[in-house]
Amino acid sequence: MSDQESNVQRPEDRVIVFDTTLRDGEQSPGATLTAEEKLEVADALVALKVDVIEAGFPAASPGDFEAVQAIARRAKGVTVAGLARANQGDIERAAQAVQPAEDPRIHTFIATSDIHLQYKLHMTREQLLERVAASVRLARSFTSNVEFSCEDATRSDWDFLVQVFTTAIANGATTINVPDTVGYTTPAEYVALMKYLRDRVENIDNAIISVHCHNDLGMATANTLSAVGAGARQVEVTMNGIGERAGNTALEEVVMGLDTRRDQFGGGWTRIEKTRLVPTSRLVSDLTSLDVQVNKAIVGANAFAHEAGIHQDGMLKNRTTYEIMNPTDVGWEGTKLVLGKHSGRAGFRNALKDLGIRLESDDEVNRVYQRFLGLADRKKHVTGADIAALVADHKSSAATSFQLERWNASIGSGGDATASVVILDGTRRMTGDGAGNGPVNALFTAIDAAIGIENELTLYQVEAVTPGEDAQGQVHVRLRAKGQLFSGHGLATDVVEASARAYLSALSKVASGQNDTVLMGSSTSRWT
Ligand code: KIV
Ligand code: ZN
């Protein structure tokens with residue numbers, strides 16, 4: 001029996017998980033993370049045991065620089081990487097930001113395809129090779145851990161890639177990354193490219209080969225896993241597959257692909273703490289306001305749900321008839337830990353710990369605990385998902401200046417709905433009445449009358465945190481005001497109230513000028 005079949009995990013087959021949720025993931029249209037939220041995601045990634053956190057792109061903005069530096073200071077037992085274009089300013093800025101990390105990495109990149117050389121960079125191949133040598137050398141003067149990427153590698157000339165990677169390694173790159181920037185490659189082609197590079201790049205064994213795929217044709221995971229089968233030993237991934245356009249390769253899919261079918265992928269294995277997958281997915285989804293589609297592999301709400309009678313029958317007889325993975329292994333049942341109103345504060349603290357949730361102070365724990373008690377009064381089983389949602393809501397409402405003091409909405413058959421609200425802004429009390437074609441619409445009109453901020457609602461989304469009639473409702477809204485976009489989310493057992501909370505959270509951001517674009521770490525236009 002081969003090692004791959006016998007489940008032996010050979011050290012040389014360990015696959016480094018490079019998580020770029022906070023950099024490429026945060027480039028998702030609509031993703032909005034504050035510095036505080038980025039730290040929270042970084043903590044969750046440490047608990048998930050990723051090997052590398054790409055914390056951001058320090059040269060993009062002072063906010064990004066500070067977030068990367070804060071993560072570099074706090075995250076332990078993990079490499080912290082900062083992205084830098086292949087130029088002196090970016091590399092120095094990245095070096096400064098990651099410097100406090102236990103193992104700082106500079107990730108520098110430049111595009112190598114003729115399309116990018118001609119239209120974007122206006123450089124010759126010779127000039128580019130010189131730039132690669134100088135950039136990697138400069139990065140190496142700050143840290144011994146340097147990653148070099150050929151942006152748009154999969155549309156680049158393969159012999160030129162050989163030259164570029166040979167140059168990068170000769171100048172000290174310890175990881176060479178082969179991105180499929182535009183999601184264009186296929187598993188067979190990517191495997192052939194891996195082989196081409198392994199056979200020709202000089203001293204390739206002095207560096208780890210990394211892959212980074214985008215999902216434009218829905219092949220990101222397949223391409224990444226195939227490359228692992230062909231010798232890549234670092235995968236660049238994001239939680240829930242978030243990222244530019246159609247997103248990046250999903251961390252959870254690659255981890256479970258390797259875990260379940262390692263025999264097919266060169267024996268590759270990761271040290272990811274699999275039971276953290278679902279809680280981390282939920283945290284990222286809550287904080288970025290990017291929903292996970294219900295049928296998403298591993299972390300989607302239906303990933304382990306069986307509807308058809310014949311499937312249910314098989315499942316009852318033996319789980320393995322229709323399940324290739326155990327939901328408990330990826331954190332589903334872990335998140336179903338049930339707390340009730342008699343669970344004490346210590347039990348509550350333990351639940352937070354299990355969920356990978358960190359609250360800054362005892363006072364914060366107490367405040368969320370009070371909300372938990374309120375929820376436990378109304379809901380039979382309080383699950384991990386409920387607690388994760390409560391914490392996310394607590395954090396967002398702490399930053400909300402407009403607080404909902406009282407509300408009322410009524411609707412009868414055939415007529416408009418009417419609503420009234422009382423809102424507190426510090427000590428100022430504002431009231432408003434409104435009417436609309438439903439209770440939510442009427443309440444929003446009443447809020448508009450009370451606060452008077454002109455805006456246009458561009459997104460309204462409702463989801464249940466858990467199945468069941470007594471589920472908490474979670475609402476995400478996005479609105480346009482003063483020419484900019486503002487997001488908010490709200491949580492309550494009543495969807496109308498959750499809607500009002502989400503709307504007030506977005507309006508508070510309008511009032512304090514915290515628009516989505518300012519909070520976003522980086523956008524492509526700032527670095528390509
Ligand atoms: O997709 C890409 O090419 C990137 C690089 C910066 C690695 O994100
Ligand atoms: Zn990318």
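Residue numbers run from 1 in the order of the sequence given. Note that these values count all heavy atoms, side chains included, but never hydrogens, waters or copies made by symmetry. Counting starts at 1 for both ligands and their atoms, following the listed order.
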Quick one: the NE2 of H214, the Zn ion (ligand 2), NE2 of H212 angle, rounded to 10°, please.
100°
Apply the test side-chain hydrogen bond (donor to acceptor under 3.5 Å, both in side chains) to residues E236 and N177: give CA-CA distance (whole Å), side-chain angles for both, the deciding distance (0.1 Å), then the verdict.
CA-CA 9 Å; E236 302 202 350; N177 185 32; 3.2 Å; yes
Polar contacts were defined as any N/O atom of the residue lying under 3.5 Å from an N/O atom of the ligand; does this apply to [X] and ligand 1?
X: E236; value: no
X: R23; value: yes
X: H214; value: yes

Using a 6.0 Å distance limit plus a 45 degree cone around the ring axis, check whether R200 lies over the aromatic ring of Y196.
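R200 over Y196 ring: yes.
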Numbering as shown, the atoms of ligand 1 that approach D24 to under 4.0 Å (heavy-atom distance)
8 (O)
Going by the atom numbers of ligand 1, which of them fall below 4.0 Å from some non-hydrogen atom of E151?
3 (O)
Once rounded to the nearest 0.5 Å, what's the spacing between atom CG of L128 and atom CD1 of I110?
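L128 CG to I110 CD1: 4.5 Å, rounded to 0.5 Å.
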What N, O or S atom of D24 is found closest to the Zn ion (ligand 2)?
OD2
Between R23 and Q27, a side-chain donor and acceptor under 3.5 Å
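Looking only at side-chain atoms, Q27 and R23 do form a donor-acceptor pair, the distance falling under 3.5 Å.
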May I ask you to check whether S281 and N240 show a side-chain donor-acceptor distance below 3.5 Å?
yes
Do K274 and D329 meet the salt-bridge criterion of a basic N to acidic O distance under 4.0 Å?
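No, no charged N to carboxylate O under 4.0 Å.
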